[in-house]
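These numbers come from a predicted model, not from an experiment. First the proteins, then the strands, lettered A, B, ... as listed; each starts at 1.
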There are 2 protein chains.
Amino acid sequence: MTVSITDVAEATGVSASTVSRALRGRPGVSEEMRARIVEVAAELGYTASRSASSLASGRTYTIGVVVPYVGRWFFGTVLDAAEKVFSAAGYDVLLYNLGSPEARKRFFTKLPIRKRVDAVLSLLIPDPEEAAALCSLGVPLATTVGGARPGFTVVGIDDRGGAENAVRHLVNLGHRRIGMISGASEPLHWTTPLDRRQGYLDVLADAGIEPDAALEADGGYTVEGGERAMTELLALRHPPTAVFAQSDEMAMGALRALRRHRLRVPEDVSVVGFDDHELSEVVGLTTVAQPVAAQGREAARLLLARLEGPNTVSPRPVEMPIRFILRETTAPPHTGRQR
Amino acid sequence: MTVSITDVAEATGVSASTVSRALRGRPGVSEEMRARIVEVAAELGYTASRSASSLASGRTYTIGVVVPYVGRWFFGTVLDAAEKVFSAAGYDVLLYNLGSPEARKRFFTKLPIRKRVDAVLSLLIPDPEEAAALCSLGVPLATTVGGARPGFTVVGIDDRGGAENAVRHLVNLGHRRIGMISGASEPLHWTTPLDRRQGYLDVLADAGIEPDAALEADGGYTVEGGERAMTELLALRHPPTAVFAQSDEMAMGALRALRRHRLRVPEDVSVVGFDDHELSEVVGLTTVAQPVAAQGREAARLLLARLEGPNTVSPRPVEMPIRFILRETTAPPHTGRQR
DNA sequence: CCTGGTTGCGCAAGCGTTTGCGTTCAGATT
DNA sequence: AATCTGAACGCAAACGCTTGCGCAACCAGG
């Protein structure tokens, strides 16, 4: 039926051990013999059974990647980049998409990943319990989100600095009432929304602007949430003249809300996002870009390095560069007609 | 070190076979014994080694999913939905991201998937050779793209009918010069662009409009490609007054090109897309929606059905409903000032 | 009390690799 | 010429699980 290692051993007239060594480039096989074996194996269309080989060797040559939503641009992009690195290095990737609470719970209680992977890249923010579960796997861990976490190799960006750039831009344009559409603040372990908020507050303080809690609305990192949040802000007695959205998706939701309210951007309201979503250029959104694919690549590379070399996790997160991108959704506040 | 089945067996005072049967719900174990074993296993934190179990049983409880680009909205969304179905059924998913030609070649020559999966869902269009390679795996196959293919369970949409809807809408508005931004026409096995083009041609013929090859530009299914294509169309001696883009991404590129040319949408040019991308609503794009996630779910379900029941592939593709969505990028042609 | 059929469980043979160790043999060293 | 060395390869024991078969023990029917 399907060709096994002994088939190619017999066909070559050697033992299975020699075939194994030859095919995996291990020493102890003469070059001519190796060549013959490789040829015969190719001829027979032999591929080693991963199950058998990982059972015998303990290595799976598989990386587990766990993400909250593969469908979302950010995660899809990171995954895309990371997968390329892994597969180029000969690793397969096992995907766990943990969007729903049930899926998440099932994953962390049953840990189907156990004994199945050599390392894991987590793109979701584990709570302390979940992090402990991952650590208990005893394999190298990495992440590109949520900041430092013991045992994890983390590559990220300067969220606070990025937010400062965005908000400072608005301040420099002359805005004083600056709203913020923030991300889900629920999981406290997930520092990104907190850091971005801090950047926002820092700049306000710097500019001598009194922060106003009413100007912060939660958008849950989705387009719809952004729209809702913007709608809330517009319902305020004194709506903001500019809005900093903690993600481009939420910024786009805000744009939609503004259009529904027949408000012009940037004439009536300025909007600045964060992330540089692939479609942000299309809508002309001013934003701060983070190298999403590069983060995935880097995290994957570091993970592989830990796998092949000494398994040491750097204490400080790797920080990737960010870049402010001026486009068309920001302008000085409209001092003329007031709503 | 890590707890194995014999550990559970010893701790319970039974044999490993009984533990195996008990944990997998096989007959031949009394209920009270099963309960005890389950309890002990949970206590010890036992998880069966997949490698060992699939080596012994031949089943991997893993589905291979191969996609061209995980990062792109369409594929990410299909994958997201399919993964949920698979994991809920107890299957893991092995992801192969074959964007680059090298990755693709490596995959199809080495077929690392062999002996690693129980079934595969392919979201890329295999050429005949690649399709044969997949068939040679001897496992159930499914796809959500590219139409009928022997051996594959396929779930798709009525591409031709959808295109007809879109173009008829433009015709009804009074447009006569209707351009088309088409998808990559390269792989001939991939029928979607052809079908959508046919729908376009059908409606033109129906309306007594002479098709003009100059009005078709290739956008390669990307935002940038769409922008280039639109730019080409605008450079024409008689540019179209409306454009049908075969995908929303290309439509968005077209919108960008139009904005760059200081043309208003829909006053100067109407644009209609195809797919209903998650951000199409944000930009107000008129389009024809296809149920992307639902297709992924359905394909996954059918695949699992083939896996558990009799392995029969339905001869006709499953067709999911489409829906025309009128938004704000289409209007009657501007008969006033002409460029 | 002896059959014949269940039911519940253990035995042991795999599944296809990897790998430590042992063997053989040619060539180099004394 | 006897010994040592290293390279090239084979043997066989894992790795952790599944599963066909066998074997007690038990129950009901004659």
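Look at CZ on A:R50: it is 11 Å from P on C:dT18, rounded to the nearest Å. The separation between A:Y61 atom OH and C:dT17 atom P is 15 Å, rounded to whole Å. Whole-Å rounding puts the A:D7 CG to C:dG16 P distance at 9 Å. We find that CE of A:M33 is positioned 11 Å from C1' of D:dG10, with the value rounded to whole Å.
By the side-chain hydrogen bond (donor to acceptor under 3.5 Å, both in side chains) test, B:Y96 is found to be paired with A:D92, residues two or more places apart in sequence or in another chain being considered. In this view, B:L55 and A:S51, A:A52, A:L55 satisfy the side chain to side chain contact (heavy atoms under 4.5 Å, CB included) rule, not counting sequence neighbours. Not a single salt bridge (charged side-chain N to carboxylate O under 4.0 Å, His left out) links B:E278 to another residue, sequence neighbours left out.
A distance of 4.5 Å separates CG of B:L123 from OG1 of B:T144, quoted to the nearest 0.5 Å.
Residues in residues 126-154 of chain B take part in these salt bridge (Lys or Arg N to Asp or Glu O under 4.0 Å) pairs, two or more places apart or across chains: B:R104-B:E130.
Remark: A:R72 is not positioned above the aromatic ring of A:F74, lacking an NZ or CZ atom under 6.0 angstrom from the ring centre and at most 45 degrees off the axis.
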Given protein heavy atoms under 4.0 Å, the one-letter contact record of nucleotides 15-27 of chain D, with B base, S sugar-phosphate only and - none, is simply BBBSBB-------
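Relative to the axis of its first five pairs, the axis of the last five pairs of the helix from C:dC1-D:dG30 to C:dT30-D:dA1 sits at 50°, rounded to 10 degrees.
Counting only N and O atoms by type, the side chains of B:S15 and B:T18 include a donor and acceptor under 3.5 Å apart.
Ionic pairing of A:E298 and A:R301 is present here: one or more N-O contacts between side-chain nitrogen and carboxylate oxygen are shorter than 4.0 angstrom.
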